[in-house]
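Right, one structure below, let's go through it.
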2 protein chains.
Amino acid sequence: MSTSGFKRVPAIEKCFAILRLLTKSKAAMGITGISRALRYNKSTVFNIVHTLSDLGILEQMPDNKFNLGTDLYLLSRAAGKSSELIQIVHPYLEEINKKTKLSAFLGIRSGMRAVILDKVDSAFDIKISSEVGMRLPLLGGAGGRALLSQLPDREIERILAKEELPKFTPQSCVDKKRYLMMIRKAREERIAFDDEEYIEGIYAFAVPFRTGRQNLQTALWAVGLKRQVPKEMVQQFSELLKKMASGIEARFQLR
Amino acid sequence: MSTSGFKRVPAIEKCFAILRLLTKSKAAMGITGISRALRYNKSTVFNIVHTLSDLGILEQMPDNKFNLGTDLYLLSRAAGKSSELIQIVHPYLEEINKKTKLSAFLGIRSGMRAVILDKVDSAFDIKISSEVGMRLPLLGGAGGRALLSQLPDREIERILAKEELPKFTPQSCVDKKRYLMMIRKAREERIAFDDEEYIEGIYAFAVPFRTGRQNLQTALWAVGLKRQVPKEMVQQFSELLKKMASGIEARFQLR
DNA sequence: ATTCTCTGTTCTCCATATCGAACATATGTT
DNA sequence: AACATATGTTCGATATGGAGAACAGAGAAT
């Protein structure tokens, strides 16, 4: 029995499945609701949620429904502070924002989503409306293509076979063969561009980087209004993002 | 076997004990370090941390040490959004801040600490350096006394018998009998004041409120420079905080 | 008032997680 | 290089948690 992939403590897996369910749920949920949604036994859910309630991780309402609790909130503020990925990358996002005046993002792939882990923009900037925690479509912009470019061809082809390419704007590419070529190009050139394909009027650069961890696709990307990115700055911004990605990779490999 | 106080799923209890330990730890920790700190069996810790690592709740470093992970961070952002206590109280903190220009806080008691769960101040305000997540000494200011005032006398007396009263400033009260009277006065008048007792130059008001939940002491408090609080405004600010606390209590009792 | 439906709670058996011991690997010391 | 120490990993016995069934209580429908 090896350590890879095997969930050794099912109670903990169930516990976080419940927490994630309550995260997605807009309302507090009861024991039967949780049991049905996750197909767990009611007595199992009963014991887990009461344990979590005692620990302050969940709050129990008077109507016997459960919501996320304040101790989870406090626990998680520490998690953001101590995540090595966020800590290492954050200063690079700040530098990208400072030099380009674009919003800078750190994201990872999660299934068919690009999840934003961190973001830097300034008080003076035009704010891009993606926030930390948001799950953007993977097949939707430069960030997604940069993340995809880190997958093997076989996996990319499997995804493209299964999913339709959404048409977000008139510029969106919906031809799968062409899309695959764009992902490969992103891999070769180590950068992806989004010229109004996901949101009209918006331009984005995204650069994948490696952290040495298996099964983790990471990218950083810069997003702004197209008019913030004159043609003559594209090359310069591209070089900057690649330089930042190289710096990040060096940080992960010095150990 | 009743639901009260009994930890039904020990693996979950151990799991959060590990997460809290890593929160407090300034560095990543290994299996043996966690095992020693919490007096758990190494194979138990081994299984739990690898399960958490697979779930993204912990990150495993190349040197086999574990740190808090990005999924915990993302989970937590939702927790702050859905905590009923924080959601109900937040608009009242905003109103306090707007009308008094003081920094407004929501806090709860945790052992001998006052833990800040939420805070509102404005761009224009002089910033008070307490942040969300901070654990302030319970015997240290208006907020702590407001929280203490919700405990039974016996518990307060037990705490005062056991702990020394710290002298933060020349104005700090270190006489236990007098301190007990101050807590009782806070209970009777439903407000506590801090006139440079915890930090010199700082004035604070704190008002306890009830949420209907057992074993939870909650208070809201407003803090600023003493010169922001002219004598003629003390009564007015006091009435405002009491009014906010009454509004909060009404919200918790309409159900 | 009675019955029905739904949710929460309790109890018990058995499949399994925890613990202790032993082993494997890495690092430090001589 | 050899040895000592520390940490991580594995295995099996046993104590125990999860699941299923039954029960209790609350609310809705008649």
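In the text below, chain A, chain B and the rest are named by the order of the sequence lines, each starting its count at 1. Excluded from the calculations below are hydrogen atoms, water molecules and symmetry mates; all remaining heavy atoms, backbone and side chain alike, are included.
Along DNA chain D, the nucleotide nearest to B/T32 and the one nearest to A/A11 differ in position, and the one closer to the 5' end is contacted by B/T32. Where B/K42 and B/I48 meet DNA chain C, the nucleotide closest to each residue was compared, and B/I48 sits on the side nearer the 5' end.
For a distance-only test at 3.5 Å, the side chain of A/T44 fails to qualify as a donor-acceptor partner of the base of D/dG17. The base of D/dG20 is paired with the side chain of A/N41 by a donor and an acceptor separated by under 3.5 Å.
Backbone-only engagement by B/K14 is indicated by non-hydrogen atom pairs under 4.0 Å involving sugar-phosphate atoms exclusively. Heavy atoms of A/R39 sit nowhere under 4.0 angstrom from any nucleic acid atom. Nucleic acid contact class of A/N64 (heavy atoms, under 4.0 Å, all strands): sugar-phosphate only.
Here the nucleotide nearest the side chain of A/I31, chosen from C/dT7, C/dT9, D/dT10, is C/dT9.
Separating the CG atom of A/N47 from the C1' atom of C/dC11 is a distance of 12 Å, rounded to the nearest angstrom. Computed from coordinates, the A/I12 CD1 to D/dG18 P distance equals 11 Å when rounded to whole Å. The distance between atom NE2 of B/H50 and atom C1' of D/dT10, rounded to the nearest whole Å, is 12 Å. The nearest whole Å value for the distance from the CZ atom in A/F46 to the P atom in C/dT10 is 5 Å.
Put simply, the side chain of A/T23 does not reach to within 4.5 Å of the side chain of A/F16, judged on heavy atoms.
Ionic pairing of A/R158 and A/E155 is present here: one or more N-O contacts between side-chain nitrogen and carboxylate oxygen are shorter than 4.0 angstrom. Ionic pairing of B/E249 and B/R190 is present here: one or more N-O contacts between side-chain nitrogen and carboxylate oxygen are shorter than 4.0 angstrom. Salt bridge absent: B/K98 and B/D121 never bring a charged side-chain N and a carboxylate O closer than 4.0 Å.
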